[in-house]
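Residue numbers start from 1 in every chain, and the chains themselves are labelled A, B, ... in the order their sequence lines are given, proteins ahead of strands. Keep in mind that this is a model prediction, so the values were computed, not measured. Values reported hereafter were calculated over all heavy atoms of this structure, with side chains retained and with hydrogens, waters and symmetry mates removed.
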Number of protein chains: 2
Amino acid sequence: MSLRFALLGLLTVSGPASGYDLTKLFESSINYAWQARHSQIYPELNKMAADGLITVEEEGPRGRKTYAITEEGARELRAWLIEREPSRSFRDEGALRAFLLPTLEPHEAAALLRAEAEAYGAKLAELEALHDLRAAQQTSHENAQFGKYALDLGIRQMRTIRDWARETADRIEGSSRS
Amino acid sequence: MSLRFALLGLLTVSGPASGYDLTKLFESSINYAWQARHSQIYPELNKMAADGLITVEEEGPRGRKTYAITEEGARELRAWLIEREPSRSFRDEGALRAFLLPTLEPHEAAALLRAEAEAYGAKLAELEALHDLRAAQQTSHENAQFGKYALDLGIRQMRTIRDWARETADRIEGSSRS
DNA sequence: ATCCGCATGTAACAGGTTACATGATTCA
DNA sequence: TGAATCATGTAACCTGTTACATGCGGAT
């Protein structure tokens, strides 16, 4: 169900767009919080059009269909955000691995954590670069600030995991050396 | 695939257990990082037994089957942790909602964030209580420390989201008041 | 006797991924 | 004319959730 609302949100902000556009918008915006492939997006758009949440505004070359959000679509998005109790249960493979770490030898666990810290550090750098880019564009696009809150959250989360991995590696190595 | 390794991990630490036991262990340990219902666990255990990762060690009353991890199972768990590149992409409905927040009126967005902050604060308190409980038991169980790292990560993540929600609500209210 | 908790399972469905499949347009 | 990119779709499969279904054993 979330995919549907992510698409409505993108259409709200970017204006009319095709499935192809939306697939790329997905990648370049909420990618770190939600993912969707074109094989999931195209059927969903067809269902949404059937439900009256969006309309085909224009048909272009190569079978391109440009969708626009309808009033009903905007109402549904709003209702989803305001009325629906969000599912706060998340599934985090990194945390699961952390849970299983004590089944390994200390030096192995520490090495894994160092690698994790590095990977998350890299992701963090990516998001920070995106953040700076947005800040620079702030004056030109008024929509550039869209997703700012989410990006901030993403950055904080990456930082949290990276620091945890570092500190835990330190702690494990510290106690196994003694 | 992750479920399989979560189960192998639980069997490693808690020793032989039934599907019923594992369902409850799941709930009381990794629940905040990974979830699984009995309807998913039972079929998976059967597949794992067929694959030789676990064996039925004992059959008790009421059709109870007690599973134990095999050497092959332990090898596979180790290989999964060490050799497999973890999937670092996660799906976070909270972050998605954050992304969509700018489609609402500022006061509505702020109210939602306040509710989020409260909900995550409550989850944080839960995990902190669990953490303290573990610390108290530390001397009695040697396995009590299992999952300590993951719990620490969970606590940090909850704190990150709660603080982000609070500060973002403040920021939105601050700028819309002017 | 009756109720609660133990104990295991299956079926239908929803959401997602990977791979397969096709064809039009643009640009060099 | 060949390659890259635009553009849309479908099918098979895996994972996970909800709901349905059944029966034993122990405690009061």
> Which of these, B:Arg88, B:Arg156, B:Gln157, sits in a side-chain contact (heavy atoms from CB on, under 4.5 Å) with A:Ile161?
Replying inline: B:Gln157
> Are any of the side-chain nitrogens in A:Asp51 or A:Arg4 under 4.0 Å away from the carboxylate oxygens of its partner?
Replying inline: yes
> To the nearest angstrom, how far is A:Glu44 atom CD from C:dG16 atom P?
Replying inline: 9 Å
> Whole-Å distance between D:dA4 C1' and A:Lys24 NZ?
Replying inline: 13 Å
> What pairs of residues pass the salt bridge (Lys or Arg N to Asp or Glu O under 4.0 Å) test when at least one of them lies in residues 16-40 of chain A, not counting sequence neighbours?
Replying inline: A:Asp21-A:Arg64
> What is the distance, rounded to the nearest whole Å, between atom CG of A:Leu25 and atom P of D:dC6?
Replying inline: 13 Å
> Rounding to a whole Å, what distance do you find between B:Glu27:CD and C:dG5:P?
Replying inline: 14 Å
>> From CD1 of B:Ile41 over to C1' of D:dT18, roughly how many Å is that when rounded to an integer?
In response: 15 Å
> Does A:Tyr42 make a side-chain N or O approach to OP1 or OP2 of D:dG9 shorter than 4.0 Å?
Replying inline: no
Polar-atom pairs under 3.5 Å, protein N or O versus N or O of nucleotides 17-19 of chain C: list them with distances, or write none.
residue, atom, partner, partner atom, Å
C:dT17, OP1, B:Arg91, NH2, 2.6
C:dT18, OP2, A:Arg37, NH1, 2.8
C:dT18, O4, A:Ser39, OG, 2.8

> Taking the side chain from A:Tyr67 and the backbone from A:Asn46, do they hold a donor-acceptor pair closer than 3.5 Å?
Replying inline: no
>> How about CD on B:Glu57, more than 12 heavy atoms from neighbouring residues, nucleotides or ligands closer than 6.0 Å, or not?
In response: yes
>> Let me confirm one number: the NZ-CD distance from B:Lys123 to B:Glu118, rounded to the nearest 0.5 Å.
In response: 15.0 Å
>> Near DNA chain D, counting only heavy atoms under 4.0 Å, which residues of residues 57-69 of chain A show up?
In response: A:Arg62, A:Gly63, A:Arg64, A:Lys65
> Atom CG of B:Asp21 and atom P of C:dT8: how far apart are they, to the nearest Å?
Replying inline: 8 Å
> Do A:Ser175 side-chain atoms and A:Ile172 backbone N/O form a donor-acceptor pair below 3.5 Å?
Replying inline: yes
>> Using whole Å, what does the distance between atom C1' of nucleotide D:dT18 and atom CE of A:Met1 come to?
In response: 16 Å
> Whole Å only: how far is the CG atom of B:Asp92 from the C1' atom of C:dG15?
Replying inline: 17 Å
> Looking at A:Tyr20, does any N or O in its side chain come under 4.0 Å of the phosphate oxygens OP1/OP2 on D:dC6?
Replying inline: yes
> If every non-hydrogen atom of A:Glu173 is compared with every non-hydrogen atom of A:Arg114, which pair is closest and at what distance?
Replying inline: OE1-NH2, 2.8 Å
> What pair of heavy atoms forms the shortest contact from B:Ala36 to B:Leu3, and how long is it?
Replying inline: CB-CD1, 3.7 Å
